[in-house]
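Residue numbering restarts at 1 for every chain, and letters A, B, ... go by the order of the sequence lines. What you see below is based on every heavy atom in this structure, not just the backbone, and it leaves out hydrogens, waters and symmetry mates.
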Number of protein chains: 2
Amino acid sequence: MSEQPKPAGGCGAALADDLGWALGVLLRAYSKAASTVLAAVPGGPRGYQVLTAVGRSDPRSQLELANQLGVDRTVMTYLLDDLERAGLIERRPDPADRRARRIVATPAGRELACSLTKRLNEAENHVLAGLPGQRDREMFRSLLERLASHVNTLDPVASACDLARETHGVVGTRG
Amino acid sequence: MSEQPKPAGGCGAALADDLGWALGVLLRAYSKAASTVLAAVPGGPRGYQVLTAVGRSDPRSQLELANQLGVDRTVMTYLLDDLERAGLIERRPDPADRRARRIVATPAGRELACSLTKRLNEAENHVLAGLPGQRDREMFRSLLERLASHVNTLDPVASACDLARETHGVVGTRG
DNA sequence: TATTGTTATACTCTATAACTATA
DNA sequence: TATAGTTATAGAGTATAACAATA
C-alpha cells in the first residue's frame with residue numbers, strides 16, 4: 001500500500017518516533033554508566049549478577065546459576081574462575097552430589113556487591129535525570145515495570161537475563 | 001528502589017527492582033519481535049536502518065551513513081554489499097567527488113522499507129500490550145522519549161541508532 | 001545411560017590497520 | 001598530505017562438542 005515514494009519520509013516512522021530507538025538509547029546510557037561502575041568486577045556486569053545471585057540465597061550449583069542468569073554453563077565456568085581468583089566467591093563441594101559445586105560469596109564478595117549496588121543506584125538516577133519531577137520518575141518506573149513484568153509472563157524465558165543469549169540470536173539473523 | 005529488606009543482610013536490589021533489568025527485558029522483547037520482522041532483510045536491523053535512512057532524504061555517502069547510524073565505515077561496506085546484492089540499494093558515483101559513492105534506495109528497497117515499517121509498528125504495539133489503556137501508553141511513550149532525548153543530548157553519541165551495535169554490549173551488560 | 005563441570009574448537013561480530021584511488 | 005572506500009587481520013564473546021568424574 002502507500003506506494004508513495006515520498007522523498008522525505010516514505011512511510012513515516014521517523015527514528016525519534018521509534019520505540020526501539022528510545023529504548024535502545026536509554027538502555028545504552030544505563031549500560032554505559034553501569035559498566036563504568038562494574039568495570040572493576042571480574043566478568044563485568046555478569047560477574048556482578050553472579051555475586052548478587054549467590055549472595056541473595058542459598059548456595060547454588062553452577063548449572064542452576066547459569067540457567068538463572070541465562071548464560072551458557074561453559075561461560076559460567078570462566079566467570080567463576082575469574083571471581084574465585086579474585087577471592088569473591090568460593091566453589092565448595094556439594095555433600096549431596098559430588099559432581100556439583102556449591103557457589104558461595106566470600107565476605108569480600110558480599111561487601112563488593114553491596115557497594116556496587118549502591119553505585120548502580122546512582123547510575124539509575126543519572127539516567128532518570130531527564131525527568132526532573134519525582135512524580136514523573138515514579139510514573140515512568142511504574143509503567144516500565146508493568147510492561148516488563150507483563151512481557152516476562154508472555155515470554156517465560158526462565159528468568160531475568162536471557163537477554164544476552166536471545167539478543168544475540170536475534171541480531172545474528174544477519175543475511 | 002525502595003529500601004527493601006534483604007535476605008542475607010545484603011544490600012537488596014532485587015532483580016525485578018532494577019531499572020536496567022526492566023529496560024533490558026523490554027528491549028529484548030521488542031528486539032525479538034522486530035528481528036522476526038527484519039529477518040528477511042540483509043543485514044537485519046542494521047539493513048533496515050540503512051534503508052530507511054537513505055529513503056528519507058537525499059543520497060548520502062557511505063561515510064555519512066556510517067556516522068549517522070553509528071557503525072564503523074568498514075561495517076558499512078559489508079552492509080551495503082549485502083543490500084546491493086539484494087537489489088535494495090545502489091551505489092552511484094558522486095559527480096562531485098569520484099572517491100565517494102552516493103547511496104540510493106531502489107524502488108524495491110523503498111517498498112520493502114515501507115512494509116517493514118508497518119510491521120514494526122505492530123511489533124511495538126505487541127510490546128506495549130502490557131499497558132491496555134491508551135492513556136498509559138501515551139504516557140509511557142512520552143516519558144520514554146523525554147528520557148531518551150535528554151540522554152541523547154548529554155551523550156553526543158553520533159546519533160540515532162547505535163541500537164543494534166550497542167544491543168550486543170548492552171545485552172551482555174545488564175547491571 | 002544421564003548429568004556436572006571442564007576444556008578445546010569454531011563461529012560471529014566488531015575494531016584496527018593497510019591498501020587504492022582520488023582530492 | 002588527507003579522505004572515501006575496500007580488504008585483511010586480529011580480537012572479544014559466544015556457542016558447540018568432546019571429555020572426565022560421578023550419578
Between [N] atom [atom2] and [X] atom [atom1], what is the distance in whole Å?
| X | N | atom1 | atom2 | result |
| --- | --- | --- | --- | --- |
| A:Leu69 | D:dA15 | CG | P | 13 Å |
| B:Asp72 | D:dT3 | CG | C1' | 15 Å |
| A:Asn67 | C:dT4 | CG | C1' | 12 Å |
| A:Leu65 | C:dT3 | CG | C1' | 17 Å |
| B:Arg102 | D:dG5 | CZ | C1' | 15 Å |
| A:Ile103 | C:dT4 | CD1 | C1' | 11 Å |
| A:Gln62 | C:dT7 | CD | C1' | 13 Å |
| B:Met76 | C:dC13 | CE | C1' | 15 Å |

What pairs meet the side-chain hydrogen bond (donor to acceptor under 3.5 Å, both in side chains) rule with one or both residues in residues 100-109 of chain A, with sequence neighbours excluded? A:Asp94-A:Arg102
Under 4.0 Å from OP1 or OP2 of D:dT6: is there any side-chain N or O of B:Thr77 that close? yes
Strictly distance-based, threshold 3.5 Å: is any side-chain N or O of A:Glu84 a donor or acceptor partner for the main-chain N or O of A:Ile89?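 No: the side chain of A:Glu84 does not pair with the backbone of A:Ile89.
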Using atom types as modelled and distance alone, determine if a side-chain donor or acceptor of B:Arg46 lies under 3.5 Å from a backbone N or O of B:Leu79. no
B:Val37 vs B:Tyr48 side-chain heavy atoms within contact, under 4.5 Å: no
Going by heavy atoms in the side chains, are B:Leu26 and B:Tyr30 under 4.5 Å from each other?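 They are not in contact (no side-chain heavy atoms under 4.5 Å apart), so the answer is no.
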Pair B:Met139-B:Leu131, side-chain contact (heavy atoms from CB on, under 4.5 Å): steps then yes or no: CA-CA 10 Å; B:Met139 175 68 85; B:Leu131 300 177; over 6 Å; no
Could you go through nucleotides 18-23 of chain C and list every protein N or O atom that sits under 3.5 Å from one of its N or O atoms, giving the distance for each pair?
| from | atom 1 | to | atom 2 | distance (Å) |
| --- | --- | --- | --- | --- |
| C:dA23 | OP1 | B:Arg98 | N | 3.0 |

Can you give me the bend angle of the helix from C:dG5-D:dC19 to C:dA23-D:dT1? Use the axis through the first five pairs and the one through the last five, nearest 10 degrees.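 The end axes of the helix from C:dG5-D:dC19 to C:dA23-D:dT1 are about 10° apart, to the nearest 10°.
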With distance as the sole criterion, is a donor-acceptor pair present between the side chains of A:Gln68 and A:Glu64 under 3.5 Å?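 Absent: no donor and acceptor within the cut-off.
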Could I get the full list of side-chain contact (heavy atoms from CB on, under 4.5 Å) partners for B:Thr36, not counting sequence neighbours? none
With sequence neighbours excluded, residues passing side-chain contact (heavy atoms from CB on, under 4.5 Å) with B:Arg99: B:Asp97
Is it true that B:Arg141 and B:Glu124 have a side-chain N and a carboxylate O under 4.0 angstrom from each other?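 Salt bridge present between B:Arg141 and B:Glu124.
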Roughly how far, to the nearest 0.5 Å, is CG of B:Leu88 from CG of B:Leu80?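 Atom-to-atom, B:Leu80:CG and B:Leu88:CG are 11.0 Å apart.
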Heavy atom of residues 78-91 of chain A under 4.0 Å from DNA chain D: which residues? none
